[in-house]
2 protein chains.
Amino acid sequence: MKTNQEILVQNGVSPSIQRLKIFSYLKATKSHPTAYTIFNDLKDEIPSLSKTTVYNVLKLLIAKRLVQEVRIEGNELRYDAEVREHGHFKCDVCGEVSDVFLNQPLNLLLNHSYEVKEIQFNITGVCKSCLTKK
Amino acid sequence: MKTNQEILVQNGVSPSIQRLKIFSYLKATKSHPTAYTIFNDLKDEIPSLSKTTVYNVLKLLIAKRLVQEVRIEGNELRYDAEVREHGHFKCDVCGEVSDVFLNQPLNLLLNHSYEVKEIQFNITGVCKSCLTKK
DNA sequence: TACAAATTTAGAATAATTCTAAATAATTTC
DNA sequence: GAAATTATTTAGAATTATTCTAAATTTGTA
């Protein structure tokens with residue numbers, strides 16, 4: 001199992017404290033945090049951290065394909081270190097965002113005459129636990 | 001074929017000039033415009049039009065399920081009067097956004113334990129015409 | 001140690017959207 | 001049909017997320 005530091009280095013990212021902590025934070029969570037949440041959760045650990053750094057690092061990790069942007073509602077941007085082809089489900093009731101994997105790649109359903117770089121899909125609705133609560 | 005006015009009325013939306021023109025504009029285009037583009041393109045026809053109205057009307061039409069938000073890149077929000085299950089392809093080169101329909105509903109690929117309200121998917125890459133230009 | 005390059009930082013600037021309260025238009029009531 | 005009520009639109013201010021900018025700090029190298 002590669003360490004997060006190794007992953008960064010192997011992808012040509014010099015592993016500064018900030019980069020490593022932001023990447024590790026994303027790797028460790030499945031909550032699809034916003035840039036603000038990331039900043040807020042890490043600022044105790046890295047008191048000097050600035051919001052600009054969070055945005056810079058996220059942009060860098062996205063360019064290196066180590067992180068994906070998740071755009072599932074309104075104009076809030078969320079981030080995800082899961083980069084395999086997958087989608088997201090957002091529950092309209094509790095607001096939670098979870099990963100969704102398909103039985104087969106979406107790719108196969110496309111008659112594409114274009115070059116595909118990234119596929120994402122978004123589903124909204126009501127999650128299991130909110131359904132049973134009703 | 002129903003008129004746009006009829007569609008609005010049947011969905012409980014009183015068809016003011018602004019609402020009708022914004023809805024008709026979206027129905028007539030496949031370009032997935034942003035709120036700003038809609039505002040800009042309609043302000044000659046409706047000189048009094050305000051940006052707030054564009055946002056208000058879009059929000060209303062979305063609530064009535066007559067329009068969908070399209071979130072395909074960064075934090076730009078686009079709008080689409082095509083509400084059948086479909087996705088979007090954005091070309092990284094020319095920036096154009098086009099509709100994508102699947103051979104079968106994505107729904108079938110999900111082992112969903114949740115109630116699905118809306119499904120959208122986004123693909124980025126390079127479109128045919130940009131591929132051949134290279 | 002000294003120099004150069006890379007990275008981070010705070011705060012200002014920008015852009016999209018929402019909020020607010022007043023103005024206008026449409027509808028209802030008498 | 002006038003007055004009152006309700007719905008809709010409007011301009012501009014406020015808010016929010018993100019980007020820009022230029023200085024400060026850190027890291028790597030001669």
Side-chain angles (χ1 to χ4, degrees), chain A residues 4-5 8-9 11-26 32-64 66-80 95 97, chain B residues 4-5 8-9 11-26 32-64 66-80 95 97:
Chain A
N4 291 329
Q5 171 144 4
L8 290 183
V9 171
N11 284 275
V13 176
S14 23
S16 68
I17 303 278
Q18 289 86 345
R19 287 168 179 177
L20 187 56
K21 295 248 180 189
I22 290 171
F23 184 54
S24 300
Y25 175 88
L26 280 173
H32 310 84
T34 61
Y36 178 77
T37 304
I38 298 168
F39 169 72
N40 214 47
D41 286 357
L42 288 178
K43 70 169 197 268
D44 288 337
E45 250 184 287
I46 318 171
S48 73
L49 188 63
S50 102
K51 253 177 256 175
T52 307
T53 301
V54 175
Y55 282 107
N56 288 344
V57 170
L58 289 171
K59 189 161 281 185
L60 176 66
L61 296 177
I62 289 165
K64 297 295 182 179
L66 295 170
V67 165
Q68 276 189 0
E69 277 180 355
V70 177
R71 300 169 287 277
I72 196 167
E73 197 186 348
N75 44 336
E76 70 181 9
L77 265 182
R78 292 161 169 268
Y79 297 90
D80 193 349
V97 176
Chain B
N4 291 329
Q5 172 144 5
L8 291 182
V9 172
N11 285 275
V13 176
S14 23
S16 66
I17 303 276
Q18 289 84 346
R19 287 167 179 176
L20 188 56
K21 295 247 180 189
I22 290 171
F23 184 54
S24 299
Y25 175 88
L26 279 172
H32 311 83
T34 61
Y36 178 76
T37 304
I38 298 168
F39 168 73
N40 214 48
D41 285 357
L42 288 179
K43 69 169 196 270
D44 287 338
E45 251 183 287
I46 317 170
S48 73
L49 187 63
S50 101
K51 254 177 255 175
T52 308
T53 301
V54 175
Y55 283 107
N56 287 344
V57 171
L58 289 171
K59 189 161 281 186
L60 177 65
L61 295 177
I62 288 165
K64 298 294 182 178
L66 294 170
V67 165
Q68 277 189 358
E69 278 180 355
V70 177
R71 298 170 289 278
I72 196 168
E73 197 185 351
N75 44 334
E76 71 180 9
L77 265 181
R78 292 161 168 267
Y79 297 89
D80 193 348
V97 176

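Keep in mind it's a predicted model, so treat the numbers as computed, not measured. Per chain, numbering begins at 1; letters A, B, ... match sequence-line order.
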Exercise. Has the side chain of B:T52 got a donor or acceptor atom sitting under 3.5 Å from an opposite partner on the base of D:dA11?
Worked result: yes
The answer to which of A:L77 and B:N56 contacts DNA chain D further toward the 5' end, by nearest nucleotide, is B:N56
A:Q18 and A:I46 have their tightest heavy-atom pair at CA-CD1, 4.3 Å
B:I46 atom CD1 is separated from C:dA25 atom P, nearest whole Å, by 14 Å
note: A:F39, atom CZ; D:dT16, atom P; distance rounded to Å ~ 16 Å
Here the distance between atom P of C:dA15 and atom CD of A:E76, to the nearest Å, is 23 Å
Can you tell me if the side-chain N/O atoms of B:Q18 get under 4.0 Å from OP1 or OP2 in C:dA25?
no
### Query
Under 4.0 angstrom, heavy atoms only, what part of the nucleic acid is B:S16 near: base, sugar-phosphate, or nothing?
sugar-phosphate
From CZ of A:R19 across to P of C:dA6 the rounded distance in Å is 11 Å
*Could you tell me whether the side chain of A:S50 has a donor or acceptor atom within less than 3.5 Å of a complementary atom in the base of C:dG11?*
no
Taken to the nearest whole Å, OH/A:Y36 to C1'/D:dT19 is 18 Å
Derivation and outcome, side chain to side chain contact (heavy atoms under 4.5 Å, CB included), residues B:K43 and B:F39
CA-CA 6 Å; B:K43 69 169 196 270; B:F39 168 73; 4.1 Å; yes
_Run A:E69 and A:Y79 through side chain to side chain contact (heavy atoms under 4.5 Å, CB included) and show every step you take._
CA-CA 5 Å; A:E69 277 180 355; A:Y79 297 90; 3.8 Å; yes
Contacts of A:S48 and B:R78 projected onto DNA chain C by closest heavy atom; the upstream (5') one is A:S48
Which of A:T37, A:I22, A:L42, A:T34 passes side-chain contact (heavy atoms from CB on, under 4.5 Å) with A:V54? It is A:I22
Whole-Å distance, A:K51 NZ to C:dT14 C1', equals 15 Å
Phosphate-side-chain proximity, A:K59 and D:dT19, N/O vs OP1/OP2 below 4.0 Å: yes
Students often get this wrong, so: under 4.0 angstrom with heavy atoms, is B:T34 touching a base, only sugar-phosphate, or nothing?
nothing
Atom CZ of B:R71 and atom C1' of C:dT17 are separated, to the nearest Å, by 15 Å
On a heavy-atom basis, the closest approach of A:P15 and A:Q5 is CG-NE2, 3.6 Å
A:L49 atom CG is separated from C:dT7 atom C1', nearest whole Å, by 13 Å
Would you say A:Y55 places a side-chain N or O within less than 4.0 Å of OP1 or OP2 belonging to D:dT18?
yes
